[in-house]
Amino acid sequence: MLVGGAVRDLVADRQPVDWDVATDARPEAVVERFPGSAWHNRFGTVTVTVAGAPVEITSYRREDGYADRRRPDRVAFGAALVEDLGRRDFTINAMAWRPSDLGVGDGALVDPFGGRSDLAAGILRAVGDPDRRFSEDALRLVRAVRFASRFALRIDLTTERAIRRHAELAAGVSGERVRDELRRLLADPDAPPSAAFGLMERLGLLEVLLPELASLRGVPQGKRLPGDALDHSLRTVDLLPADDPELRLAGLLHDLGKATTLEDGHFIGHEQVGAELAGAIADRLRLPTTAAHRITRLVRHHMVADRPDWTDAAVRRFVRRVGRDLVEDLLRLRLADEIASGSDDRAEDRAAALRGRIAAAVDGAPLETRQLAVDGHALIGALDLPPSPRIGALLDRLLEATLEDPSLNTRSSLLDLARRLAAEPSDRG
């Protein structure tokens with residue numbers, strides 16, 4: 001029996017991403033039927049590899065008691081199909097397809113809760129009692145927003161009222177589970193994130209899950225476009241690509257510091273404050289270290305612009321400071337930020353000019369000591385110095401010199417410079 005999201009997607013004329021199967025057979029019988037399969041949890045889910053892809057087969061079950069508001073305390077196999085569907089979150093996810101002839105794809109839709117008609121009517125409705133559904137698993141509060149956004153559904157009034165009543169329960173959901181839902185929301189190419197986060201705010205979930213972002217409501221943004229700093233942040237995230245949800249998250253969070261730094265019409269240091277807040281959110285959501293570092297750096301440096309006083313050496317120092325890997329992301333974020341602020345129609349030209357300016361300034365220039373024409377061993381041999389922290393300090397000074405003048409990055413020039421630096425009284429200690 002095909003169940004859950006795959007059936008929903010097929011009914012909605014979408015290509016399913018995952019294929020889930022349910023059966024009246026107990027888990028041990030499924031494992032016996034499929035040698036090499038794995039029964040890996042107490043919920044009766046057996047993973048079977050079909051044509052190189054994993055397929056999850058779950059035994060029909062009843063559930064009872066949700067002390068941690070996530071997992072049932074008791075699971076009993078042997079339920080009927082309708083009972084199994086009745087424990088699911090929303091009617092659109094509580095459908096099944098019973099095959100009659102797999103060879104030609106014939107079968108019947110099993111839809112005891114009206115999921116198909118809800119999809120057709122554009123409604124998201126909880127299965128049964130919504131208060132019970134959200135009390136069982138508070139992540140369903142966030143999933144409601146994602147499904148409503150993904151399928152352009154209006155949340156049924158009874159379901160919506162229950163979400164509002166239980167919004168505070170979302171604070172108890174683990175960071176990893178919230179992170180995964182937000183990532184799916186940000187990675188959706190067909191649904192603008194602004195609509196989802198706007199819905200999250202109206203339901204009372206935004207201030208529970210991302211209070212730093214919710215604090216931007218009412219913070220003035222400027223007069224070129226209507227709305228406040230939160231509206232601006234939501235416009236920014238919509239302008240960034242769905243295939244890079246980390247960059248979209250950086251766009252969502254880039255102005256967090258504005259909530260506390262407004263002074264005399266300016267947001268002094270908001271990028272630094274914002275980076276600290278973004279780092280706290282990354283910790284709370286248990287983001288991987290590399291993703292957290294990328295996002296906080298983007299927020300910290302998102303105000304990058306081609307300033308009149310920027311020399312080529314200053315450009316190179318900036319790129320060294322933020323990391324060459326971040327430059328293109330910064331330019332994309334900056335362009336989205338400008339357009340979302342109501343910038344004039346030359347924003348893309350300015351971004352292209354800055355991209356060219358940076359590319360020209362760093363072309364062939366060393367930005368790290370490992371890119372110098374000499375290394376520590378060369379300095380030890382040429383200067384007759386012992387290995388010590390002094391060698392690293394000399395390399396740093398050589399790099400600083402080449403940032404100012406990349407033509408110095410030759411072995412002979414750097415060794416000559418190193419000899420002069422090593423002879424300075426301050427360097428000799």
Any ion pair linking [Y] and [X] (charged N to carboxylate O, less than 4.0 Å)?
| X | Y | answer |
| --- | --- | --- |
| Asp84 | Arg88 | yes |
| Asp312 | Arg357 | yes |
| Arg317 | Glu400 | yes |
| Arg125 | Asp156 | yes |
| Glu136 | Arg87 | no |
| Arg202 | Glu160 | no |
| Asp131 | Arg161 | no |
| Glu368 | Arg320 | no |
| Arg177 | Asp137 | yes |
| Glu424 | Arg420 | no |
| Arg143 | Asp180 | no |
| Arg248 | Asp238 | no |

Does atom [atom1] of [X] have more than 12 heavy-atom neighbours, drawn from other residues, nucleotides or ligands, at distances under 6.0 Å?
| X | atom1 | value |
| --- | --- | --- |
| Arg346 | CZ | no |
| Asp384 | CG | no |
| Gln371 | CD | yes |
| Arg33 | CZ | no |
| Asp325 | CG | yes |

For [X] and [Y], indicate whether the former's side chain and the latter's backbone hold a donor-acceptor pair under 3.5 Å.
| X | Y | result |
| --- | --- | --- |
| Ser59 | Ala25 | yes |
| Thr261 | Gly257 | yes |
| Arg284 | Gly175 | no |
| Arg332 | Val327 | no |
| Arg14 | Asp9 | no |

Chi angles and distances behind the salt bridge (Lys or Arg N to Asp or Glu O under 4.0 Å) call for Asp244, Arg294
CA-CA 12 Å; Asp244 193 344; Arg294 180 188 180 204; 2.7 Å; yes

Side chains of [Y] and [X]: any donor to acceptor distance under 3.5 Å?
| X | Y | answer |
| --- | --- | --- |
| Arg8 | Asn93 | yes |
| Thr410 | Ser413 | yes |
| Thr402 | Asn409 | no |
| Thr91 | Arg116 | no |

Got a second to check how far [X]'s [atom1] is from [Y]'s [atom2], nearest 0.5 Å?
| X | Y | atom1 | atom2 | value |
| --- | --- | --- | --- | --- |
| Leu415 | Leu379 | CG | CG | 6.5 Å |
| Thr369 | Asp375 | OG1 | CG | 9.5 Å |
| Ser215 | Glu212 | OG | CD | 7.0 Å |
| Leu330 | Leu335 | CG | CG | 12.5 Å |
| Ile163 | Met200 | CD1 | CE | 10.5 Å |

Please test Leu385 against Ile391 for side-chain contact (heavy atoms from CB on, under 4.5 Å), starting from the C-alpha separation and ending with a verdict.
CA-CA 8 Å; Leu385 293 172; Ile391 300 300; 4.0 Å; yes

Is there a side-chain contact between [X] and [Y] (heavy atoms, below 4.5 Å)?
| X | Y | value |
| --- | --- | --- |
| Asp89 | Phe147 | yes |
| Ile57 | Thr23 | yes |
| Leu185 | Pro193 | yes |
| Thr236 | Leu252 | no |
| Arg350 | Arg334 | no |
| Ile155 | Phe90 | no |
| Leu182 | Phe197 | yes |
| Leu124 | Arg154 | no |

Please test Arg179 against Glu176 for salt bridge (Lys or Arg N to Asp or Glu O under 4.0 Å), starting from the C-alpha separation and ending with a verdict.
CA-CA 5 Å; Arg179 173 200 66 206; Glu176 295 89 342; 5.6 Å; no

Assign the ring pair Phe318 / His301 to parallel, tilted or perpendicular, where the plane angle (0 to 90°) is split at 30° and 60°.
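Perpendicular, since the angle between the ring planes exceeds 60°.
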
Angle between ring planes, His232 versus His254, binned at 30° and 60°: parallel, tilted or perpendicular?
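His232 and His254: perpendicular rings.
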
Can you check salt bridge (Lys or Arg N to Asp or Glu O under 4.0 Å) on Glu207 and Arg217, steps first, answer last?
CA-CA 10 Å; Glu207 62 182 303; Arg217 178 60 75 205; over 6 Å; no

Quick one: ring-ring contact (aromatic ring centres under 6.0 Å, His included) pairs with a partner in residues 266-288, sequence neighbours left out?
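Qualifying pairs: His270-His302.
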
Salt bridge (Lys or Arg N to Asp or Glu O under 4.0 Å) for Glu181 and Arg140? Distances and angles first, verdict last.
CA-CA 10 Å; Glu181 285 300 312; Arg140 289 170 173 171; over 6 Å; no

Do Val21 and Thr58 pass the side-chain contact (heavy atoms from CB on, under 4.5 Å) test, and can you show the C-alpha distance, the side-chain angles, and the key distance before you say yes or no?
CA-CA 6 Å; Val21 175; Thr58 304; over 6 Å; no

Hey, mind stepping through Val219 and Leu230 against side-chain contact (heavy atoms from CB on, under 4.5 Å) and telling me if it holds?
CA-CA 8 Å; Val219 175; Leu230 179 56; over 6 Å; no

Checking Ser233 against Asp255 for the side chain to side chain donor-acceptor pair (under 3.5 Å) test, could you report, in this order, the C-alpha distance in whole Å, the side-chain angles of both residues, the deciding distance, and whether it holds?
CA-CA 7 Å; Ser233 297; Asp255 270 348; 4.9 Å; no

What verdict does the side-chain contact (heavy atoms from CB on, under 4.5 Å) test give for Leu417 and Leu421, after you've listed the backbone C-alpha separation in whole Å, the side-chain angles of each residue and the deciding distance to 0.1 Å?
CA-CA 6 Å; Leu417 178 57; Leu421 293 174; 4.0 Å; yes

Between Arg411 and Ala378, what is the shortest heavy-atom contact and its length?
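In this case the closest contact between Arg411 and Ala378 is NH1-CB, 3.7 Å.
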
